[in-house]
Structure formats: C-alpha cells, structure tokens
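Working notes, beginning with the structure itself.
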Amino acid sequence: MLPATLDDLKVLDLSQGLAGPVCAKILADFGADVVKVEPLKGDAARNMAPFFGNAPHPEKSLVYSLANLNKRGVKVNFEDAEGRALIRQMAQKADIIIESYKPGYLASLGLDYESLARDNPRLIMVSITPFGQTGPYKDFKNEEIITYALSGIMSISGLAEREPLKHGGMQSQYEGGLAGAVGTLAAIHARDMLGEGQQVDISLQDVITSTLVIHQPMYGWVGAVQGRRRPSGSNYGQVQECKDGYFIWQTGGGAEWSDIIEFFGSEQLKEERFATVAGRALHGIDLDRIVLDATKDRTMQELFNTASEKYHMLFGIVQEPQDLARCPHLEAREYFQEVDHPVMGRIKVPYRLWSMPDAPAVYRRSAPLLGQHNAEVFGEMLGLDSDRMSALAAKGVI
Amino acid sequence: MIRLSKKPLEGIRVIDSSYVFAGPYATGLLGDLGAEVIKVEGPTRPDFTRGGAFSGLLPENEPKDDPWNRMSAYNLVNRGKKSLVLDLTRKEGRDVFVDLLKKSDVLVENFTPRVMRGWGLDYPNLKKLNPGIIMVSNTGYGRGGPYSAYPAQATTQEATHGLAAVTGYAGGEPSKAGQSYVDFLAAWTICMAAMIGLRYRRRFGSGLWADIGMYQLGCYNVSEFVMDNIANGAKGERIGNRHRQYAPQGTYRCAGKDAWCALSVRDDDEWRALAGVIGKPELASDSRYATEAARRTNHDAIDALITQWTSNLSKIEAMERLQQAGVPAGAVLDGRDLHFNPQLKERGLIEKVAFPPERDMGPARPLIGRPWNFSKIPLSIKGPAPAYGQHNAEVLRDVLGYDEARIAALRAEKLVVDGKPVKPREFPMMSMDKRVEIGRLAYWEPDYREKLGIL
C-alpha cells in the first residue's frame with residue numbers, strides 16, 4: 001500500500017452542491033478521512049439533474065455521486081440543539097471543515113469558526129460560496145449564470161452582435177472546487193509549520209475573475225477593454241465542419257505551413273497569399289472554403305489523429321459527451337473509476353484529475369447514501385453506543 | 001486578529017521552466033504564498049507571453065526599448081519571480097540547471113515529454129540528482145496514452161475536452177470559450193500537486209512526480225454531461241444562456257452600450273418576485289407562466305417582457321432591484337468594470353503592484369491577486385514580474401555559490417544572457433483606435449490612469 005499524503009487528516013464536509021464537495025473529494029482522494037455531514041433532507045445536489053435512469057431520486061443524482069466519491073456520510077438535524085452538539089463534538093476531532101452555507105448561517109447555529117476553534121485551535125474552516133463572506137454582494141442570490149456575469153468572463157464569450165454567452169454546464173462550480181483545494185492545502189501547510197488553524201474564505205466570483213489574465217490587465221495597462229468576437233466572415237481559428245462533426249486547427253505547434261498544406265492535401269493552399277498569418281486572416285473566407293472542401297469527406301477522428309501524429313499540428317475536434325465517455329486516451333490514463341453503487345449498481349465515474357505514481361489518488365468507496373455511515377462515524381468518532389443513537393434517531397436528530 | 005509569523009511556503013524554492021499561462025500562473029501563485037520562484041527562460045526562447053498573441057498589451061501601447069518586459073499578461077502571471085536566462089539547449093547550460101535543481105524543492109515544467117527525457121532530466125533521472133524534489137509536469141495530454149505526444153494548447157483543447165460541444169447559442173455551432181480556458185484549471189492543479197508533493201516529502205521523506213494532462217482537467221469540468229451519457233445515453237446540447245430546468249434564465253439588454261443583466265428564476269417564489277419587480281404582478285398567476293414547465297414553454301415571451309423592463313435601466317440598477325426583490329441577478333461586468341466593482345474591491349481581488357522607476361512602467365499597475373482570503377495570513381503580490389535576465393547574477397552567486405570568474409565565463413559563452421533576448425518575440429504594433437476598428441478591442445479609455453488613481 002502506497003503512503004497517502006493526507007491520511008492523517010479528518011475532514012468534515014458540510015458543503016453542498018458541487019464546488020465545496022469537489023474540494024473535499026480531492027482531499028479524500030489523497031487519503032483524508034472525509035465525513036460528509038448532511039442535513040436531514042440531504043445535500044441539494046441530491047435533487048440536481050441529471051439522474052441515473054432520468055428519474056429524480058435522492059440516491060441517483062449523478063453530480064452527487066461524482067462529487068462525493070471516497071467520503072463517508074452522516075445526516076444530522078442542524079436545526080436541533082442536540083444535532084448541533086454532535087456537529088460541535090465532531091468539529092473538536094476534525095482538522096478541516098469545508099462548508100458552503102450562506103454567510104452567517106453557521107454562526108446563527110453557533111457553529112461559526114470562532115466558536116468551533118475555541119476548543120480546537122488547529123481547526124481549519126474553508127468556506128466556498130458565490131461571493132465570499134464579506135462585501136456588499138455577500139448575501140446576493142446566485143446561480144451559475146450570475147457568477148459568470150459578475151466575474152467578467154461572460155463579457156468576452158460569444159459574438160459581438162449577440163448577447164454575452166455563458167459556458168456550458170457549471171464551470172464556476174468545478175473551478176471553485178479546484179481553487180478551493182489549493183486554498184485548503186495552503187492552510188494545511190501553514191498549520192503544519194506553525195500549529196494553528198484558520199479560516200479560508202473563497203468566492204466563486206473571485207475564482208472566475210482570476211482566470212482573466214489576458215483580459216483584466218489590458219485596462220490597467222492602456223485603458224483597453226476586450227469584447228466578444230466580431231464576425232470576420234471567416235471561421236479560421238474557430239470550429240469548422242467536417243464529415244461527421246467539427247474540428248479546429250491552428251498554425252504553430254510542431255508544424256510548418258508546408259506540413260499543413262500537405263495535411264489538407266490541397267494545391268490551392270500553396271498560393272502565396274496564404275503563406276503568412278496576415279495573409280490567412282485577410283483571405284480567411286477563401287481559406288475556409290478550401291479547407292472545408294478538403295475535409296468534407298474526412299472524419300473528425302481521422303483528421304485529429306493524422307494532423308497530430310503525422311504533422312504535429314495543433315488540432316482539436318469537438319468531442320461530444322459520448323466521445324469522452326469512450327475516449328481511449330482517458331481510459332489509458334485511468335481517468336474513469338468503476339464504482340459499485342448500492343442503488344445505481346455498477347457505473348463508470350470521472351475520477352482521476354492527474355497522475356502521481358508514488359502517491360496516487362486512491363479509490364475507496366462510492367458516494368455515501370444519506371446517513372449511510374451514521375452508526376460507524378458516531379460510534380467511532382464520538383463513542384456513541386447504539387442505544388444513544390437509536391434515541392437520537394427516534395427524536396429526529398440523526 | 002492573530003497573524004501567523006510566516007507565509008505558508010516560505011523557505012520553499014520553486015523553479016519555473018514552464019511557458020505561457022498554466023505553469024507560470026501556478027508558480028506566480030506559489031510565490032504569493034511565500035515561495036521563492038526562479039523563472040528560467042532560454043536566450044533564443046523567451047516566454048511566449050513576452051510578445052505575440054498571448055501577451056496582451058504594452059503600457060500606453062508604447063514598446064520603448066524592452067517590449068519583452070512590458071507586456072500585460074506576462075507581468076500578471078510572473079509577478080514576484082526572479083528571472084534567470086540560461087541556454088538549456090547546450091550541455092554546459094544544462095549543468096547550471098542541474099546545479100539549480102539540486103538546490104530546489106519544486107520544478108514546474110511543460111516541455112514535451114521527449115525533451116526532458118533527452119536531457120536526462122525526466123523524473124527517474126532527476127530523482128537521482130535530488131531525491132527530495134517535487135517535479136510537476138504539465139502537458140496537453142500527460143505521459144502515457146495514445147494522445148500523449150499530440151501537440152496541444154488551450155484553444156484546440158477546449159474543443160477536444162468537450163467544453164465547446166456544450167457551449168454555444170441555441171441551435172448554433174459549438175463555441176470556443178476564448179481565453180485559454182483549460183490553462184487555469186491546470187494552474188490550480190499544479191499548485192495542488194506541488195503542495196501535496198511538499199507534504200508527502202515532509203511526512204515520508206522523498207519527493208515525487210506529478211503528471212498533469214490538461215485534457216483530463218477540461219473533461220472533468222463537463223462531467224455531468226459525460227455521466228448523463230454513460231448512465232442514460234444522453235447527448236450534449238447547446239442551449240445558450242438558458243437552463244435545462246429553471247426558467248426564465250438569460251442575459252437581458254439594459255440601457256447603455258453593450259449593457260446586460262443576467263437573471264435566473266429557480267422556483268415559483270422567485271417568479272412571483274420577478275413579476276412584481278418588473279411591474280407586472282399579474283404574471284405570477286397567469287397560467288402561461290405560473291409553473292416552471294409553462295415558463296420553459298413560453299420562455300421567448302417572458303424574455304420579451306423582461307427586456308421591456310431592463311432596457312430602461314442601467315445594468316447595475318437592474319441587478320440591484322432584482323436582488324432586492326429576491327431574484328438571482330448579476331450585471332455582465334466587462335474588463336473595465338472589474339476594477340471598480342464594489343464587491344471585488346471589498347474582497348481586495350485586484351491589487352496595485354508598484355514598479356520601480358527604472359522599469360518605466362508608471363508607478364503601479366492593477367493585477368489580479370488571489371481568490372483565497374486567509375484569516376491569519378495577509379497575502380499580497382510580492383513584487384513586479386522580473387525583467388528578462390534581471391536576477392542572473394543574483395541566482396548564480398547567491399543560490400549556486402558561483403564565483404565572479406565562473407559567472408563571467410557563462411556570460412562570455414552566452415550560456416547566460418542579460419537584458420535582451422537573442423531572438424525577441426514579435427509584437428504587432430497597431431494604434432489603439434485601429435485595434436478597436438478591427439474588433440480586437442471593444443473600446444479603450446485614454447483617461448484610465450486617472451480613473452484608477454495610478455498617475
């Protein structure tokens with residue numbers, strides 16, 4: 001058994017949805033003992049589509065099963081004094097709490113950092129919320145598109161003559177999970193060195209704005225503001241259609257222009273006017289027509305493999321979800337994890353973010369059912385016996 | 001408030017031999033967290049962000065004598081580093097690099113797999129030179145697997161890793177994210193891998209190798225679509241700004257040039273609130289809109305009603321009135337707005353980084369800091385990005401302990417180069433008005449320094 005880097009850490013995951021849970025999942029992947037603490041009605045992600053078999057069911061949310069792999073799960077009534085006492089007791093034995101409640105909610109229950117750290121000064125609490133714990137927007141209602149609008153990224157996405165365009169899915173949530181794990185690890189380092197825990201406050205708006213490294217400084221450098229793409233009449237540098245889908249190609253990489261001409265196999269590309277970047281931009285419409293004609297009978301996968309392997313071109317293909325689900329490269333990289341889930345059965349779940357042969361992410365268990373590990377966790381962590389647990393369950397505390 | 005006496009990564013030395021955004025941004029952030037970061041570039045191979053398409057713009061759009069030190073994106077991601085210019089294509093240059101790696105804790109690199117192997121600096125070899133080093137390799141597809149050797153960069157990857165397929169106007173073509181999207185997923189991941197590696201070394205005594213393929217990171221961020229396909233055979237779809245379930249959702253045109261406010265209505269209560277705020281409370285009980293399913297069906301009609309209301313308000317006013325009524329709403333901020341937004345301001349996300357007079361960059365420039373606020377470690381960007389080769393002597397003397405004669409010999413052999421790249425990257429000069437005219441920019445404000453207070 002390889003050593004697991006975080007196997008000395010106990011984490012309480014009080015977070016819901018996707019960002020906080022992904023952060024806690026990453027800690028679990030590298031060995032942390034993560035206990036998901038859900039309110040009685042469960043994490044909101046349990047009600048999020050898509051569902052296994054398309055039927056809404058609290059144990060069939062695919063997002064929940066993705067973001068909570070490798071965790072044990074308990075359910076506790078946060079609104080009940082005895083429930084809060086249990087959470088406080090668990091917090092005394094924990095190294096890290098990850099949470100995503102509205103700012104002020106945990107404080108209203110006496111479960112804020114100050115209160116919990118009084119008995120456990122080594123405790124780290126990481127809050128991952130749409131706008132963070134401070135500032136005039138901290139209580140704003142949020143949804144993915146709102147984070148996207150207020151982070152600035154939407155102003156440069158889409159076409160100039162149309163409305164700003166959100167990226168597909170829930171990008172700010174995944175990014176919040178990744179960035180959140182960075183903040184958590186930094187706080188773990190600080191604690192390892194100096195012995196003290198602290199609060200880490202992460203705002204998804206800040207996270208997404210942080211990705212605008214080309215866009216943001218243009219203003220402070222010369223007062224410039226980028227907008228959305230104007231139609232140039234040409235698709236060069238954008239996606240283009242081939243026989244069975246779309247592809248995108250670029251110059252650069254390991255390919256000379258002569259390689260690219262050979263790859264597309266069109267004599268017309270040898271014309272002098274296409275030989276320079278400026279020329280290709282100027283004659284983009286003609287270039288598109290020639291490239292489209294040269295690729296109309298070729299498949300995406302063949303174009304991708306040939307361009308990349310034989311010509312070392314920068315080349316991409318628009319892969320659909322079904323292409324990723326059976327991608328040979330992802331399989332070879334052991335990206336998917338086969339999971340035996342008690343309700344859904346066997347299912348393949350996206351899992352491995354990166355490879356680290358000496359201390360890899362290790363799969364241990366499927367996402368917990370609601371309250372699945374109540375007996376195990378309350379017994380082992382808090383020393384509750386079965387009579388006590390039955391009594392708490394009867395009162396609706398756990 | 002109690003403050004800890006040290007930053008988390010103080011005492012850690014990071015070598016950044018990576019280029020463009022992912023690795024350089026990650027190591028810039030590790031620098032913010034306290035690490036000493038030495039950026040290594042080649043005499044004929046300056047970082048791509050020192051010119052060309054990736055580099056952003058020059059202060060006042062003026063190249064002066066050293067445009068390679070002045071580009072905006074370069075200065076953001078490389079903040080607080082030291083710069084060493086060293087010829088890694090020659091054995092004698094690599095010897096210096098090896099000396100440096102022996103004295104370092106982390107190496108972040110994004111060479112193609114065969115380059116490091118060819119130099120005998122792949123992890124099995126590097127580990128022999130420095131058993132404690134944490135090597136973080138970031139490439140398009142990672143080592144191993146059929147696409148491992150495929151050239152890649154963010155623009156082509158965002159199609160391949162599945163984001164483009166689910167991004168786009170309804171009924172339209174797949175759309176690009178358009179800002180090196182996957183590089184930033186990789187930046188966070190590099191930071192994680194480096195810090196997990198450092199903790200692994202602290203606990204178990206040796207370094208390790210992290211093999212990051214950006215493709216996987218991009219794929220992970222469309223997981224719900226992939227799982228829906230695995231579980232249900234579902235196909236991806238492009239639905240613009242709408243939501244599969246919630247309705248209405250979208251961006252609505254407001255008063256002013258290119259002004260928009262986004263909103264999302266997730267239940268009947270929020271619908272009632274929206275109906276009230278736009279002055280049509282009767283819509284709440286109108287059967288065409290009363291349920292979520294009905295609102296999805298009649299989305300276009302709702303959009304027209306909302307736009308009637310938003311088009312007379314500024315985007316900020318629309319947002320504030322919607323939020324006050326309990327409707328999730330957000331103005332679409334642009335690159336200028338980010339600098340004056342009260343929320344980002346209070347969070348301190350954008351910092352003014354001071355430049356010394358000899359850099360002739362003006363007194364200070366605003367740059368994105370970090371999205372984490374630590375209660376006991378007040379962090380800030382340590383200093384500006386370095387000029388090309390600025391710390392050559394300092395690194396060779398203070399870190400490697402080379403004497404003056406050896407340093408002079410390295411310079412004489414052009415193994416170490418000061419000041420100017422042998423082959424500077426080109427930067428297409430164009431007036432600001434021309435950039436706006438051809439659509440590279442939406443607009444520019446000549447009085448931005450006054451507005452920012454950086455005169």
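So that the names make sense, note that chain A is the first sequence line, chain B the second, and so on, each numbered from 1.
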With chain B, which of A:Asp323, A:Val63, A:Leu212 has the greatest number of heavy-atom pairs at distances under 4.5 Å? A:Leu212
Ignoring hydrogens and geometry beyond distance, is a side-chain donor-acceptor pair present between B:Asn232 and B:Asp228 at under 3.5 Å? yes
Part of B:Met71 within contact of chain A (heavy atom distance under 4.5 Å): backbone
Contact class of B:Ala364 relative to chain A, heavy atoms under 4.5 angstrom: neither
Ring centers of B:Trp209, B:Tyr200 separated by less than 6.0 Å: no
B:Ile350 versus chain A, heavy atoms under 4.5 Å apart: side chain, backbone, both or neither? side chain
So, using salt bridge (Lys or Arg N to Asp or Glu O under 4.0 Å) as the criterion, who are the partners of B:Asp334 when residues are at least two apart? none
Chain A heavy atoms under 4.5 Å from B:Leu452: which part of the residue, side chain, backbone, both or neither? side chain
Tell me, for B:Leu367 versus chain A, whether the close heavy atoms (under 4.5 Å) come from the side chain, the backbone, both or neither. both
Do you know which of B:Ala165, B:Pro8, B:Ser223, B:Gly240 has the most heavy-atom pairs under 4.5 Å to chain A? B:Ser223
Heavy-atom pairs under 4.5 Å with chain A, option from B:Met432, B:Lys352, B:Arg244, B:Arg202 with the top count: B:Arg202
Could you verify whether a donor N or O on one side chain and an acceptor N or O on the other, from A:Glu175 and B:Tyr181, lie under 3.5 Å apart? yes
Check ring-ring contact (aromatic ring centres under 6.0 Å, His included) between B:Tyr147 and all other residues, then give those that pass, not counting sequence neighbours. A:Phe304, A:His329, B:Tyr141, B:Tyr150
Taking the side chain as C-beta and beyond, is there a heavy-atom pair between B:Phe225 and B:Asn229 under 4.5 Å? no
I need the residue from B:Arg440, B:Lys451, B:Arg370, B:His339 with the largest number of non-hydrogen atom pairs under 4.5 Å to chain A. B:His339
Which of parallel (below 30°), tilted (30 to 60°) and perpendicular (above 60°) describes A:Phe140 and A:Tyr137? parallel
Please rank B:Ser175, B:Pro151, B:Ala231 by heavy-atom pairs under 4.5 Å with chain A and give me the top one. B:Pro151
Counting only heavy atoms closer than 4.5 Å, note whether B:Asp258 contacts chain A via side chain, backbone, both or neither. side chain
Look at B:Thr112, B:Val332, B:Val222 and state which one has the largest set of heavy-atom pairs under 4.5 Å with chain A. B:Val332
Could you have a look at B:Glu346, B:Glu60, B:Arg143, B:Arg203 and say which one has the most heavy-atom pairs with chain A under 4.5 angstrom? B:Arg203
If you measure only the distance, is there a donor-acceptor pair under 3.5 Å linking the side chains of A:Gln250 and B:Gln153? yes
Donor-acceptor pair between A:Gln198 and A:Tyr113 side chains, under 3.5 angstrom: no
